[in-house]
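Every chain is numbered from 1, with letters handed out A, B, ... down the list of sequences.
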There are 2 protein chains.
Amino acid sequence: MVQRQEPAGMELIHLLREVTLQLDLAGAQFAGRNGLHPTDLRALIGLLDAARAGVPSTPGRLGAHLGLNSAGTTALVDRLERLGLIRRVRDTEDRRRVLLEVDERAVALGQSFFGPLIDRTLTLLDTFDAGERAAIRRFLDGVREAAKSP
Amino acid sequence: MVQRQEPAGMELIHLLREVTLQLDLAGAQFAGRNGLHPTDLRALIGLLDAARAGVPSTPGRLGAHLGLNSAGTTALVDRLERLGLIRRVRDTEDRRRVLLEVDERAVALGQSFFGPLIDRTLTLLDTFDAGERAAIRRFLDGVREAAKSP
DNA sequence: TCTAATATCTCGCTCATCGAGATACTTGGT
DNA sequence: ACCAAGTATCTCGATGAGCGAGATATTAGA
């Protein structure tokens, strides 16, 4: 069988793919262990990000972020609320809207999962000098942009 | 509200998360556009990897790789076969087994998705010198290992 | 040869998500 | 002030991926 000659950089590309795979697997494993579906975890991450950025969350925004329709979004919010991870609160300014408040439990859950991983990665980053970190940043930035177009 | 002071490296960590998010989104988008479910795409990637490595694929291996039980695996293989992406072939040596052969269509489909992304990334990698590439490799390697433990 | 192990498949069920549409509230034009 | 159109959310019924349990076929070991 004739095999196409692989360019030198392919090794790094496969490595990047393995990294994303490992991160996804870790997330799925964590989700399963806590009675969450993959979607629930993605939702939680989005909600925590929004909370950290000070952006109010609503079912509409959340559903759009995850690519769910309104029915699926309602079901998702129901699940998260039933688990006590978020609360529904009617917006007093626009009473059509429902605001989603993340409970302390959700924050703690996020910390328990991402905390150790983040700590290990920060420790790893300490072993790079400024120039190397700049290279990593530029690489990740480039890949992110490359992944946006397809 | 008191905000925890973020260490300097957090920026890179968020960037890495964005990259994995973009790659996942791109994959999901591609999958949807081709009538594939996320699982189907992951299966296809696994099958193409195995084919490239010269490892024979079976429903058992595939299901284990994806974390599906046998019923789900059968349904998955049914879908992929119905789409003409793989073929089931009885193994003549151990006739309990079914070998999964990836069709040319599947290879072409993989190329059409990963090809442009890979090309862009290779072009990006050309802009780094050997030392920078080594740093990127060490970083990715470290993150992969960090993600394995939780 | 009889039994245990292995590989795959079938059946019936659960539940996340979808499409369609209902409900409640707000806004802008008149 | 009023009414139509727009917006945010929810309800209902249907679809389909994946699961648990177990059936079937084949191989390997005592």
Check: Side-chain N or O of B:Asn69 less than 4.0 angstrom from OP1 or OP2 on D:dG18?
Finding: no
Margin query: Under 4.0 Å, counting only non-hydrogen atoms across every strand here, what does B:Thr39 touch: a base, just sugar-phosphate, or nothing?
Written below: sugar-phosphate
Item checked: d(CZ, B:Arg97; C1', D:dT24) in whole Å -> 18 Å
Check: Going by the angle between their ring planes, with limits at 30° and 60°, are B:Phe113 and B:Phe30 parallel, tilted or perpendicular?
Finding: parallel
Check: Is A:Asp103 reaching over with its side chain to a backbone N or O of A:Ala106, donor-acceptor style, under 3.5 angstrom?
Finding: no
Notebook entry, point to check: What is the distance from atom CD of A:Glu81 to atom CD1 of A:Ile86, rounded to the nearest 0.5 Å?
Noted result: 6.0 Å
Margin query: Could you check whether any side-chain heavy atom of A:Leu109 comes within less than 4.5 Å of a side-chain heavy atom of A:Leu36, counting everything from C-beta outward?
Written below: yes
Item checked: CZ-OG1 distance between B:Arg61 and B:Thr58, expressed to the nearest 0.5 angstrom -> 5.5 Å
Check: Using a cut-off of 4.0 Å on non-hydrogen atoms, how would the nucleic acid contact of B:Gly67 be classed: base, sugar-phosphate, or nothing?
Finding: sugar-phosphate
Checklist line | Between P of D:dT7 and CD of A:Glu93, the distance in whole Å | finding: 19 Å
Note to self: Quiz question: by atom type and distance under 3.5 Å, do the side chains of A:Arg138 and B:Thr127 form a donor-acceptor pair?
What the structure shows: yes
Note to self: So B:Leu25 and B:Leu21, do their side chains get closer than 4.5 Å, heavy atoms only?
What the structure shows: yes
Note to self: Nearest heavy atom decides the nucleotide; on that basis, is A:Leu76 or A:Arg95 closer to the 5' end of DNA chain C?
What the structure shows: A:Leu76
Item checked: Rounded distance in Å - CG (B:Leu66) to P (D:dC19) -> 10 Å
Item checked: Touch class at under 4.0 angstrom, heavy-atom based, for B:Arg88 against every strand present -> sugar-phosphate
Margin query: Students should find this one: the first and last nucleotides of DNA chain C, 5' to 3', lying under 4.0 Å from a heavy atom of chain A. What are they?
Written below: C:dA16 to C:dT26
Check: When all nucleic acid strands are considered with a 4.0 Å heavy-atom cut-off, which category describes A:Ala75: base, sugar-phosphate, or nothing?
Finding: base
Notebook entry, point to check: Closest nucleotide of DNA chain C for B:Val77 versus for A:Arg96: which of these residues is on the 5' side?
Noted result: B:Val77
Notebook entry, point to check: Please give, in whole Å, the distance from D:dG16 C1' to B:His37 NE2?
Noted result: 7 Å
